[in-house]
Amino acid sequence: MIYPNVKMTFGYTTKNNRIRNNIEKSHSSDAYCITGNLNAKRNEEIFIQKFVRKNNRSLFKANQLKGGRWKANKAPYEVLGYRLYDKVKAEGEEWYIFGRRNTGYFDLRDLTGNKLNKSSYSYKKTILLERNKTLLTERRKHIPPPLSEVGVSCALVR
């Protein structure tokens with residue numbers, strides 16, 4: 001056996017453990033139940049990840065211009081020193097650039113889609129933290145309820 005400590009699990013066993021121990025439904029709770037060690041202290045952080053494109057593969061816009069010409073579907077690579085999906089700091093929090101305008105106003109969002117300032121935010125009020133990558137990662141505080149409140153009383157379930 002290549003990995004002796006690895007065990008197969010199924011969704012119905014995870015759900016059964018979660019229901020039996022009165023644990024709320026979430027991705028982090030499912031991961032906690034999959035470990036099988038319900039006496040372990042839960043971490044207060046979760047990581048949200050999202051894959052984004054590196055290039056725009058569409059060469060032309062869908063509609064032709066007057067005169068039968070095709071308009072190129074290319075946005076500038078950098079606008080005022082910022083690129084698409086760069087991580088920036090604004091108003092004391094980390095955000096990602098999801099849209100750029102030549103005027104210097106950007107569409108800033110977190111990975112769950114929450115927007116800063118409803119539409120646009122000036123580049124002058126941002127600080128570049130990290131250049132874009134294909135895999136964006138965001139660290140969040142996640143405080144699960146204490147085990148005493150959710151009624152977990154059993155030991156390791158096998």
Side-chain angles (χ1 to χ4, degrees), residues 8-38 40-65 70-152:
M8 186 76 95
T9 186
F10 298 96
Y12 70 90
T13 56
T14 302
K15 181 178 180 180
N16 187 24
N17 285 340
R18 197 179 65 247
I19 291 171
R20 190 172 346 141
N21 295 299
N22 297 324
I23 298 174
E24 80 283 353
K25 169 72 174 131
S26 70
H27 289 293
S28 61
S29 296
D30 285 346
Y32 179 66
C33 290
I34 286 171
T35 64
N37 184 5
L38 299 177
K41 183 179 183 296
R42 292 180 73 175
N43 193 350
E44 295 179 358
E45 292 180 337
I46 59 172
F47 292 89
I48 298 173
Q49 294 183 321
K50 181 176 183 175
F51 280 100
V52 293
R53 65 176 172 83
K54 277 290 195 185
N55 294 315
N56 185 0
R57 297 291 188 178
S58 176
L59 296 177
F60 300 103
K61 298 273 187 193
N63 300 328
Q64 290 181 342
L65 296 172
W70 291 97
K71 185 175 179 182
N73 193 26
K74 295 292 272 183
Y77 184 65
E78 275 193 8
V79 175
L80 301 169
Y82 290 90
R83 301 175 188 168
L84 200 61
Y85 307 119
D86 280 350
K87 186 191 283 189
V88 295
K89 187 171 191 171
E91 295 188 7
E93 295 183 34
E94 294 179 357
W95 301 90
Y96 291 93
I97 298 175
F98 271 73
R100 301 161 299 154
R101 295 174 190 82
N102 286 330
T103 59
Y105 285 87
F106 300 146
D107 179 16
L108 301 181
R109 302 181 190 184
D110 62 10
L111 294 185
T112 56
N114 298 325
K115 291 184 177 184
L116 174 65
N117 204 21
K118 301 212 179 188
S119 62
S120 58
Y121 198 80
S122 175
Y123 81 100
K124 294 176 184 176
K125 299 177 186 176
T126 62
I127 300 169
L128 180 66
L129 296 178
E130 188 177 302
R131 285 286 180 199
N132 61 358
K133 297 179 181 174
T134 304
L135 180 63
L136 306 178
T137 304
E138 185 176 287
R139 180 185 293 190
R140 289 242 178 117
K141 279 277 190 193
H142 173 73
I143 303 171
L147 295 180
S148 59
E149 289 181 15
V150 294
V152 175

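Just so you know, these numbers come straight off a predicted model, no measurement behind them.
When each of F98, Y96, W95 is checked for a ring-ring contact (aromatic ring centres under 6.0 Å, His included) with Y85, only F98 meets the rule.
Proximity of R100 to L84: side-chain heavy atoms (C-beta onward) are separated by under 4.5 Å at one or more points. Residues T126 and Y82 have side chains in contact (heavy-atom distance under 4.5 Å, counting atoms from C-beta outward). V52 places none of its side-chain heavy atoms less than 4.5 Å from the side chain of T134. Between K115 and D107, the closest side-chain pair of non-hydrogen atoms falls below 4.5 Å.
Separation of atoms CZ (R18) and SG (C33) is listed at 6.5 Å; rounding is to 0.5 Å. Taking CD from E130 and CG from L136, the interatomic distance works out to 8.5 Å, rounded to the nearest 0.5 Å. The CG atom of L129 lies 9.5 Å from the CG atom of D86; values are rounded to the nearest 0.5 Å. In this structure, the separation between CD on E138 and NZ on K50 is 10.5 Å, given to the nearest 0.5 Å. Once rounded to the nearest 0.5 Å, the distance linking CG of L116 with CZ of R109 reads 11.5 Å.
With D110 contributing its side chain and T112 its backbone, the two residues share a donor-acceptor pair below 3.5 Å.
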Evaluate the side chain to side chain contact (heavy atoms under 4.5 Å, CB included) criterion for residues K15 and D30: first the C-alpha distance (whole Å), next the side-chain angles of each, then the deciding distance (0.1 Å), finally the verdict.
-> CA-CA 8 Å; K15 181 178 180 180; D30 285 346; over 6 Å; no

Carefully, step by step, assess F106 and V79 under the rule side chain to side chain contact (heavy atoms under 4.5 Å, CB included).
-> CA-CA 10 Å; F106 300 146; V79 175; 4.2 Å; yes

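Within 6.0 Å of the OH atom in Y105, the count of heavy atoms belonging to other residues, nucleotides or ligands does not exceed 12. A 6.0 Å sphere centred on CZ of R131 holds more than 12 heavy atoms belonging to other residues, nucleotides or ligands. In this structure, K25 places its NZ atom where more than 12 heavy-atom neighbours from other residues, nucleotides or ligands lie under 6.0 Å away.
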